[in-house]
Amino acid sequence: MANMTVFGAQWGDEGKGKIVDLLGSEVACVVRYQGGNNAGHTVIVNGQKTVLHVIPSGILHDGTLCIIGNGVVLDPFVFLEELENLRLKNIDTSPKRLFVSPKTQLIMPYHKVLDSARESMKSAKGKIGTTGRGIGPCYEDKMARIGVRAGDLNDKELIRQKIETALIEKNILFKNLYHVDEMDVDAVYKEVMAVADKLLPYVQDTTAIFYELKKQGKSCLFEGAQGVMLDIDHGTYPYVTSSNTICSNAGVGAGVPNEFITEHIAIVKAYTTRVGAGPFPTELFDDTGKYLQQKGGEFGATTGRTRRCGWFDACVLRECYRICKPTTFALTKLDVLGGLDEIKICVAYTLNGKEIAVPPSSAADFANVQPVYETLPGWKEDISSCLTYEELPENAKKYVARLEELIGVEAGFVSVGPDRNQTIRR
Ligand code: GDP
Ligand code: IMO
Ligand code: MG
């Protein structure tokens, strides 16, 4: 099997966790390469649900190694809590199969305070609706070259110095701009060092592991978080997350050459959802929107927020194809569309009277586009127990075929329910 990425094609929550878990038994290793615990990846096996935030979604397969790459921002407290929850389910979380790159940036307590303080201060219109997990501030410190990395935990003096440096600036902001309590260097140092010994056994040269697996002819899966439209460069800026979510970031965020990764599986929800603020041309505010939200269980796996729902948007997928060139895609949640009389697909936008095929780069223009819809007939049958493509109702097949035509590549997987086994492979 080739090395592959599995990444979100829309605004996140496409069902990446489910597909990564499904393929997790067929690869030697699953690697997270960006994002942090803003992600919530749900895996359901025989009705048993596990939500993973930072630990790769391959963890449920005993023999599969899991790596948290250098491109991830890791909250050590959340990592240890997630480990504990998995241990309680008898899942092997030992440092023999789970590794963290020494170059991985750590989310520090002050990053979370800064994230929330900033969002609270913004007017309702200016809010991004972040997850409040400290993601943006942690990536800022990485780029400002004052971040704390997992490998730094070996050097107590360095950690103390870095916390001190970071807090000089941040305390000025906390006190004078955001009017929240200043943070004490000693207290933060103690809090972080209290978990250092638990985290350090996991810290290893993760690039070396990849090369060892390659030598043995084994393959790796690179698990993306969020989705193309939340990418810091290519998404609906500024309503995006703070990392490159597209599949081409896998090599950078995992510390391996991109040329080794030849398969790119885009995860595509059969309709569209978005959590947080920002433009969403096909959003539905009517009963159909509520139907998708209820039937699809569209509540955030991380913050519990209600996800905004709307029709499938082919312009978003055209952008995904232009930038990522997926080799195939997994269509998820097709079952949720069952029961509707008609299903709409947005095939283009109009902006100031002109038709356009891909999202405009400006958020203001994006907020003003009008979707151009095509309407397809729906189906009434429950498809959640279909095991083959042939069993799908004709209208469901027509819908999939039209999406394939619009996306420009064939669907390798059609997911008809949340459980691992509710997946049709073609
Ligand atoms: P991720 O962030 O991309 O991993 O997606 P989430 O886990 O946040 O959200 C996807 C949700 O849809 C989860 O609750 C999954 O259990 C569920 N899900 C995944 N695939 C399907 C499917 O084909 N049908 C249905 N009904 N639910 C699905
Ligand atoms: P998964 O991996 C959906 C959204 C937030 C917010 C914006 C910025 O489960 O698909 P951040 O905390 O990252 O600074 O928030 O990005 N967001 C997600 N939306 N799924 C996710 O992850 C998300 N991670 C971040 O709601 O709008
Ligand atoms: Mg999610």
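Quick note: numbers below take in every heavy atom, side chains included, and nothing from hydrogens, waters or symmetry partners. Counting starts at 1 for both ligands and their atoms, in listed order. The shown structure was predicted, so the numbers you read here are calculated from the model rather than taken from an experiment.
- Backbone and side-chain nitrogen or oxygen atoms of Gly40 are examined, and one is located within less than 3.5 angstrom of a nitrogen or oxygen of ligand 2.
- Residue-to-ligand polar distances keep Gly12 apart from ligand 1: every N/O pair is separated by 3.5 Å or more.
- If you look at Asp13 and ask which of its N, O or S atoms sits nearest the Mg ion (ligand 3), the answer is OD1.
- With His41, Lys127, Glu14 as candidates, the residue nearest to atom 2 (O) of ligand 2 on a non-hydrogen basis is His41.
- Taking a cut-off of under 4.0 Å to the non-hydrogen atoms of Asp13, the atoms of ligand 2 that pass are 1 (P), 3 (C), 9 (O), 10 (O), 20 (N).
- Polar contact with ligand 2: absent for Arg133 (N/O pair, distance under 3.5 Å).
- Annotation: atom 7 (O) of ligand 1 to nearest protein heavy atom, Thr42 OG1, 2.6 Å.
- Ligand 2 lies nowhere less than 4.0 angstrom from a heavy atom belonging to Thr273.
- Residue contacts with ligand 2: Arg274 is excluded, as none of its non-hydrogen atoms falls under 4.0 Å.
- Closest to atom 13 (O) of ligand 2 by heavy atom, among Ile135, Thr236, Thr241, is Thr241.
- Two residues are said to be in side-chain contact when any heavy atoms from C-beta on lie closer than 4.5 Å; Val30 and Ser57 fail this criterion.
- Taking all heavy atoms of Gly300, Gly40, Ala301 into account, the minimum distance to atom 6 (P) of ligand 1 is reached by Gly40.
- Under a 4.0 Å heavy-atom criterion, Gly417 is in contact with ligand 1.
- The closest non-hydrogen atom to atom 15 (O) of ligand 2, taken over Thr130, Asn37, Leu52, comes from Thr130.
- Selection from Glu298, Lys333, Lys18 by nearest heavy atom to atom 17 (C) of ligand 1 gives Lys333.
- Gly40 lies close to the Mg ion (ligand 3), since one of its N, O or S atoms is found at a distance under 2.8 Å.
- Nearest protein neighbour of atom 27 (O) of ligand 2, counting heavy atoms only, is Val275 O, 3.1 Å.
- Not a single heavy atom of Arg307 sits under 4.0 Å from any atom of ligand 2.
- Heavy atoms from both the backbone and the side chain of Asp13 come within less than 4.0 Å of ligand 1.
- Side-chain contact check for Glu223 versus Ile19: every heavy-atom pair is 4.5 Å or farther apart.
- Residue nearest to atom 12 (O) of ligand 2, selected from Thr131, Asp115, Thr245: Thr131 (by heavy-atom distance).
- With Asn38, Leu230, Thr303 as candidates, the residue nearest to atom 17 (N) of ligand 2 on a non-hydrogen basis is Leu230.
- Residue contacts with ligand 1 include Arg307, since one or more of its heavy atoms lies under 4.0 Å from the ligand.
- Close approach to Gly129 involves these atoms of ligand 2, each under 4.0 Å from a residue heavy atom: 5 (C), 6 (C), 26 (O), 27 (O).
- Considering only non-hydrogen protein atoms, atom 24 (N) of ligand 1 sits nearest to Asp335 OD1, 2.8 Å.
- Looking at ligand 1, you'll find an N or O of Gly17 within less than 3.5 Å of one of its N or O atoms.
- Nearest to atom 8 (C) of ligand 2 among the protein's heavy atoms is Val240 O, 3.4 Å.
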